[in-house]
Amino acid sequence: MRLISILFCFIFCIFYSTPHNINYQPQPVSSKSSYEFQPTCVSCTALVSVVSLVLKYDFSEPVVLELATVICKLFAKQSWAVCDGISSQFRDEFFYVFRQLAAESPSQICGILLPDCSDPTDPSESGWIIDLPPKIKKLNKQRNSQIKQSESQNMHILQLTDLHVDFDYVHPSEAECSDPVCCRKLSSSPKLSSGYWGTAAKCDIPFWTVENMLSHINSTHSIDFIIMTGDYINHVDWSYSIEEHLSVLRKLHNLVKQSFPTTPIFWALGNHEGVPVNSFAPHSVDQRFWPTWLYKEFETMSKPWLDDISYSNILQRGSYAYNIIDGLKLISVNTGFCEVTNFFLYLNQSDPDGTMSWLVNELYKSEQNDEKVYILAHIPPGNSECLEGWARNYYRVIQRFHEIIEAQFFGHDHVDYFTLFFEDMNDVNSKPISVGYAAPSVTTFEYQNPAYRIYEMNPEDKFKIIDFTTYSANLAESSDDKPPKWEKLYSAQEAYNIPDISPSSWNKVAHRIFKSQKKREQFLRNAYRTSNPKCDLSCQYQLLCNLRMGHHNSSLYCPSKM
């Protein structure tokens, strides 16, 4: 019994309580004997086998969960409500995955817990490799765009990401509470009072502020289409439920539609859309775990802008592809299948639900049809929450199809940065071939002002992104009777003094940021949308690593010094 509890709690502490900015460092490929027969690995495998036998004949899950809650309280230093909620949320998923792995491959569990015990060549773990088709000749088709364009001929794309709308936001309330998320409990004498329009603290954003922002955008900007890059649900993930998620998604969907009734809106799924959080079961596991309810709601949110084929892909894997303009395809990828705390993936990491193969196929069809592509996704591949197998394969896909991929749009981190992809993923001195944009969040969680971004695109020049501008509101200057003032924070070309926003230009910007303290400070202010960013030296270093972190190799991608 104690062995089971310790193992469960160990996994819980690793996967839930670890800070998100911890950088995963891939292990060098080793011979089979070097990882399988280490004393630690042998002992771990024996322990897992014993625990598996106990679980098989002793229905002791409630006791395990109770002890897990206690250890969470003591070591993760969270409230009883948070710890009890999380252990209950993951109960069925954890025991299902553990029993499956323990019965088939106890050593694989040890490989998850102890990197030195993993097999980096195993295709069911991080060693899977996606097949890539050979390149084809370019066709140079002539196209007649049917898009209604403005006088400038350029189009404008609004990106909203990580809204994390809190429909239970309370004002006035405590903004510096002991829970992971604050601004939710009425308080007559708070240490730090929540602002009516939101608070740059451990708080999500109230729905009326999102409503104000959408109204401002609609009355101020001309928007041709909208891209939504995930995480629409609040951060109170210890109490997630399907019913609440559906309610929030419907409210938010209606909120956006009311502001932009005739503007095409294209959605992507974030990790917080899962129940439990980060949970996206592939169809290879028991049907009771499938997120069918989410995919169906996602399909409804995407109407009427997609076609029947796109809808069928949503119901299969939470992803879709659609030709939004003649010659331009938008591909929305469900990165829940790269999330490190999606326990189901550890049964088999190899291309869950065929999502990466499907992405390659869609890109190949676009290459054959001489189309350009925008990729829409939530988690950037180099993020510490994305499995290395997925990250490395995604990088290979970008390398193969970079000539037709005009832009990659991400969210997830809440901070504003870009990531370069190189011709040789193991050589940062090789040619930069693509760039991924991690846009700033709408939510204020944690300690940031809300923001949105607008990209300017030229449909007559192969749908190239010409520039982008980020807008933000300083909530410290707003009050009950003084609404947020949404203002231009910066435009890419102007702020970084570059002629265009090509990969080569962004590569020069990265080098300047690495070398110049002044440029680093400017980049940091833009990333957090505050004059005094709450980001220590370790945080700043990680943010600089992100500029080249297309997959997980900090020794290569991080600057040698700050």
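Computed over heavy atoms, backbone and side chain alike; hydrogens, waters and symmetry mates excluded.
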For [X] and [Y], take the angle between the two ring planes, folded into 0 to 90°, and tell me which bin it lands in: parallel under 30, tilted 30 to 60, perpendicular over 60.
X: Tyr455; Y: Phe409; value: perpendicular
X: Tyr496; Y: Tyr490; value: perpendicular
X: Tyr395; Y: Tyr557; value: parallel

Give me each pair satisfying side chain to side chain donor-acceptor pair (under 3.5 Å) with a member in residues 247-258, each pair once, sequence neighbours excluded.
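Non-adjacent pairs meeting side chain to side chain donor-acceptor pair (under 3.5 Å): Arg250-Glu297.
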Quick one, Phe410 and Pro381 - any side-chain contact, counting heavy atoms below 4.5 Å?
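Of all side-chain heavy-atom pairs linking Pro381 with Phe410, at least one is under 4.5 Å.
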Flag the pair [X] / [Y] as yes when their ring centroid distance falls below 6.0 Å, and as no otherwise.
X: Tyr169; Y: Phe207; result: no
X: His221; Y: Tyr471; result: yes
X: Phe445; Y: His235; result: yes
X: Trp208; Y: Tyr196; result: yes
X: Trp267; Y: Tyr232; result: yes

Going by distance alone, is a donor N or O of one side chain under 3.5 Å from an acceptor N or O of the other, for Ser279 and Glu93?
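On atom types as modelled, these side chains qualify, holding a pair under 3.5 Å.
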If we count only N and O atoms by modelled type, under 3.5 Å, do the side chains of His378 and Glu273 hold a donor and an acceptor together?
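There is no such pair (donor and acceptor under 3.5 Å, judged by atom type) between the side chains of His378 and Glu273.
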Report yes or no: does Asp351 contribute a side-chain atom to a donor-acceptor pair with the main-chain N or O of Thr355 at less than 3.5 Å?
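Yes; judged by distance alone, with no hydrogens or angles, the pair exists.
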May I ask you to say whether Glu362 pairs ionically with Lys329, meaning some side-chain N is under 4.0 Å from a carboxylate O?
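The answer is yes: the pair qualifies as a salt bridge.
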Of Val165, Val181, Leu163, Asp162, which meets side-chain contact (heavy atoms from CB on, under 4.5 Å) against Asp204?
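The single option meeting the side-chain contact (heavy atoms from CB on, under 4.5 Å) with Asp204 is Val181.
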Distance (rounded to the nearest 0.5 Å) between Asn334 CG and Arg317 CZ
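Rounded to the nearest 0.5 Å, the CG-CZ separation comes to 10.0 Å.
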Roughly how far apart are Met228 CE and Met301 CE, rounded to 0.5 Å?
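Those atoms lie 7.0 Å apart.
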List the steps, then state whether side-chain contact (heavy atoms from CB on, under 4.5 Å) holds for Leu330 with Trp305.
CA-CA 12 Å; Leu330 180 74; Trp305 308 114; over 6 Å; no
On the ring face of Phe463, is Lys372 found with NZ or CZ under 6.0 Å from the centre and within 45° of the axis?
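That pair does not qualify as a cation-pi contact.
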Apply salt bridge (Lys or Arg N to Asp or Glu O under 4.0 Å) to Glu243 and list each qualifying residue two or more places apart in sequence or on a separate chain.
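Glu243: no salt bridge (Lys or Arg N to Asp or Glu O under 4.0 Å) contacts found.
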Give the intermediate values and the outcome of side-chain contact (heavy atoms from CB on, under 4.5 Å) for residues Leu524 and Tyr417.
CA-CA 9 Å; Leu524 195 63; Tyr417 66 89; over 6 Å; no
Please list all pairs meeting salt bridge (charged side-chain N to carboxylate O under 4.0 Å, His left out) that have one or both residues in residues 163-178, counting only residues at least two apart or in different chains.
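For residues 163-178, and leaving out neighbouring residues, the salt bridge (charged side-chain N to carboxylate O under 4.0 Å, His left out) pairs sorted by first residue read Asp166-Arg184, Asp168-Arg184.
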SG-SG distance between Cys203 and Cys182 under 2.5 Å?
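With an SG-SG separation of 2.5 Å or more, Cys203 and Cys182 do not form a disulfide.
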